Amino acid sequence: MKQNIQPILDKALDGERLSSEDCTALLESNDFVRIGLAAHEMRMRKNPADVVTYIIDRNINYTNVCNVVCTFCAFYRRPGKPDTYVHSIDEICKRIDETIALGGTGVLMQGGLHPDFNIEWYEDLLSTLHAKYPKFQLHCFSPPEIHNISLISGLDYETIMRRLKAAGIYSMPGGGGEILDDEVRKRVSTKCNTQEWLDVMRAVHKVGLRSTATMMFGIGDKIEHRVRHLQRVRDVQDETGGFTAFIPWTFQRENTALGRKITEEPTGIDYLKMLAVSRLFLDNIQHIQSSWLTQGLKLGQAALRFGADDMGSIMIEENVVSAAGAHNFANEKELRYQMREAGFTPQQRDILYEYVNRDDIDELDKKDSMSLRQLSVAFAD
Ligand code: SF4
């Protein structure tokens, strides 16, 4: 018989920290609406009640060459294969110029683990971009890339992060977290292990940079692994306070080796419950992000009542999860409409959650409804 979860929710609402046993009981419960209500209450206390934030940025994947194998990835190409690429600085600048023209404040730049790129390659890239766009926020790389630099250049994580900070990195995305438990990780990936991922994040925060933390579940993990993941993220946050946000999403299966093997995938309810439990368990992380890009606009919107206070990015360009089957798209007008219809005021932000105010926003919101999608079928005569 499932445990009565109300005492656990009351505990969270009274400001008491949840244990990993509490977290397990919540994730095992089917009472997801009650969990969502408690998570929403916590979100309203932690962040301005009537506002949902979003960012305009772009993913630039500077290379698809990758030296390791993750069976959940549809993006990487092995070194030497014909369809590999490395973007030139000019190509990256062109993409940044387009992002700025659309009101964007930063770029999320990540790539595969290239076997030849040492610390100097990354320093050159950052310093060139930072010199050209001094105010543009370079939200770059991930723990697996930093671990790869460490293997190639023989430097410790903290030295690498100090050098990248001096070269112009602004903050770091929490990519490559997947499930932070080696029982799961070692089955699906040969990149950095749990301890290495967490240690990179400690180094990022130690040098004074902020980062996000992520979770991708549905890769053969069980509830116990998800609980350990949340516990590890909360522990690092207790030590450093450097995570700005937590972003859970579900594995996208298309075109992946793992996708052919997986027999169960998380449902919409699993996603909403994971999001809500994250809000309740991660009492030391301010922002919880809805992942409309992977879950679709409608579930992404519903997430705003399950603990999320942010709808992530407009994402002018994205290559990694779209390669694995996430083909959701929204422009700024559409995303703002979803937020308003959920009962909130949309607010653009930058990567550190500072509000960004533009003169053209009122014009954008003028027509109150979102344009309807083009129908792809014709009426029969
Ligand atoms: S997820 Fe990243 S590290 Fe893993 S194969 Fe894909 S590009 Fe490489």
Side-chain angles (χ1 to χ4, degrees), residues 58-87 92 107-119 121-122 125 139-153 157 160 164 172-201 204 211-221 225 229 247-262 265 291 293-294 315 317-326:
R58 177 173 199 151
N59 270 18
I60 297 179
N61 300 107
Y62 55 88
T63 182
N64 63 351
V65 176
C66 192
N67 215 12
V68 303
V69 175
C70 301
T71 58
F72 51 78
C73 179
F75 169 73
Y76 78 95
R77 295 292 179 270
R78 301 288 295 161
K81 292 283 175 193
D83 49 353
T84 56
Y85 72 81
V86 178
H87 284 325
I92 293 174
V107 71
L108 189 160
M109 194 159 55
Q110 290 180 325
L113 309 186
H114 199 292
D116 304 328
F117 291 176
N118 55 17
I119 180 80
W121 189 92
Y122 292 90
L125 175 68
H139 183 54
C140 301
F141 316 133
S142 61
E145 284 156 283
I146 303 305
H147 179 67
N148 190 48
I149 298 173
S150 172
L151 294 177
I152 293 170
S153 295
Y157 300 151
I160 293 169
L164 296 183
M172 187 184 280
E178 284 86 53
I179 290 290
L180 291 170
D181 192 277
D182 288 338
E183 221 172 83
V184 176
R185 282 178 91 75
K186 70 178 185 224
R187 288 203 302 262
V188 295
S189 174
T190 56
K191 65 182 167 188
C192 69
N193 64 28
T194 298
Q195 189 63 44
E196 289 157 349
W197 192 97
L198 295 167
D199 284 346
V200 170
M201 283 307 185
V204 169
S211 72
T212 56
T214 61
M215 168 194 265
M216 181 176 75
F217 64 105
I219 52 173
D221 42 283
H225 303 116
H229 181 110
I247 317 155
W249 69 81
T250 56
F251 169 49
Q252 307 295 301
R253 296 172 55 200
E254 216 170 90
N255 303 320
T256 67
L258 184 65
R260 289 194 289 276
K261 280 208 250 158
I262 287 281
E265 63 183 329
S291 178
L293 189 74
T294 57
M315 205 73 88
E317 175 184 352
E318 200 292 321
N319 307 295
V320 178
V321 295
S322 54

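Treat the numbers as computed from the prediction; the structure is a model and nothing was measured. Order of appearance sets the numbers: ligands from 1, and atoms from 1 within every ligand.
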Derivation and outcome, side-chain contact (heavy atoms from CB on, under 4.5 Å), residues H114 and W121: CA-CA 11 Å; H114 199 292; W121 189 92; over 6 Å; no

Heavy-atom closest contact (G220 atom, R187 atom, distance): O-NH2, 3.0 Å

Between T194 and D182: side-chain donor-acceptor atoms closer than 3.5 Å: yes

Proximal ligand 1 atoms for K191, defined as those under 4.0 Å from one of its heavy atoms: 1 (S), 3 (S), 4 (Fe)

Distance, nearest 0.5 Å, that separates CG of L113 from CD of E145: 6.5 Å

Sub-4.0 Å atoms of ligand 1 with respect to non-hydrogen atoms of V68: 3 (S), 5 (S)

Selected option - heavy-atom contact closest to atom 3 (S) of ligand 1, from A74, P144, C66: C66

Nearest heavy atoms of E196 and C192, plus distance in Å: OE1-CA, 3.3 Å

For C73, the ligand 1 atoms whose distance to one of its heavy atoms is below 4.0 Å: 1 (S), 5 (S), 6 (Fe)

Under 4.0 Å to a heavy atom of C70 - the qualifying atoms of ligand 1, by number: 1 (S), 3 (S), 4 (Fe), 5 (S)

